[in-house]
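The structure appears below as structure tokens.
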Amino acid sequence: MSKLSAGDVRWAQDPTDAHAQRPVIVLAHETHPFSATDCTVMCIGTSAGKYPQTTPELTDEHLSGISFNETSYLMPWALYTIPPGTILNGKAKGELTDTGRRLVKKSLISLLP
């Protein structure tokens, strides 16, 4: 598998085990020191808006090359380091726009007290 860039939006085997697969945002892979075995991702969910934590809505203005049928939310607390082989190559893929990258950064900062 080729290395993924930060900001890529892909489908992966669900690291939360809530579903068989789910969309994720790649946070680190090509620059990860152990990229052969590790890829750091943030999960995207459709019911995350029900959580008390900050769950910004991910809209079409935040994405390029991919869109979702259901309202989708960033899950900034759902950060996982997964094997790159769990990224599903046959599924739709896209990337964050500059607006999407700012939203991800803002949501990660919101985790700090």
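- With a 4.5 Å cut-off on side-chain heavy atoms, W77 and L79 do not count as touching.
- Taken from CG in L74 to CD in E57, the straight-line distance is 10.0 Å, to the nearest 0.5 Å.
- When every heavy atom of Y73 is checked against every heavy atom of T55, the shortest pair comes out as CD2-O, 3.3 Å.
- Two residues are said to be in side-chain contact when any heavy atoms from C-beta on lie closer than 4.5 Å; C39 and T81 fail this criterion.
- Of all heavy-atom pairs between L96 and L58, the closest is CD2-CD1, 4.5 Å.
- Using a distance-only test at 3.5 Å, with no hydrogens or angles considered, a donor-acceptor pair links the side chain of T97 to the main chain of G100.
- Atoms CG and NE2, from D60 and H62 in turn, are 10.0 Å apart once rounded to the nearest 0.5 Å.
- Annotation: the span from I25 atom CD1 to R101 atom CZ amounts to 10.0 Å, rounded to 0.5 Å.
- At least one side-chain heavy atom of V104 sits less than 4.5 Å from a side-chain heavy atom of L27.
- Checking side-chain atoms of D14 against main-chain N and O of H19 turns up a donor-acceptor pair under 3.5 Å.
- No side-chain heavy atom of F68 sits under 4.5 Å from any side-chain heavy atom of T46.
- Taking both residues in full, the closest heavy atoms of S72 and I44 are given as CB-CG2, 3.7 Å, listed atom of the first, atom of the second, then distance.
- Considering CZ of R10 and NZ of K93, their distance stands at 4.5 Å, rounded to 0.5 Å.
- In this structure, the side chains of S107 and M42 come closer than 4.5 Å at one or more pairs of heavy atoms.
- Smallest separation of non-hydrogen atoms from V24 and A12: CG2-CB, 4.1 Å.
- Closest approach of R22 to W11, counting heavy atoms only: C-CE3, 3.4 Å.
- From I87, atom CD1 reaches atom CG of L4 across 5.5 Å, with rounding to the nearest 0.5 Å.
- Contact record, T16 with C43: CG2-SG, 4.0 Å, taken as the closest heavy-atom pair.
- The CG atom of L108 sits 8.5 Å away from the CG atom of L112 when rounded to the nearest 0.5 Å.
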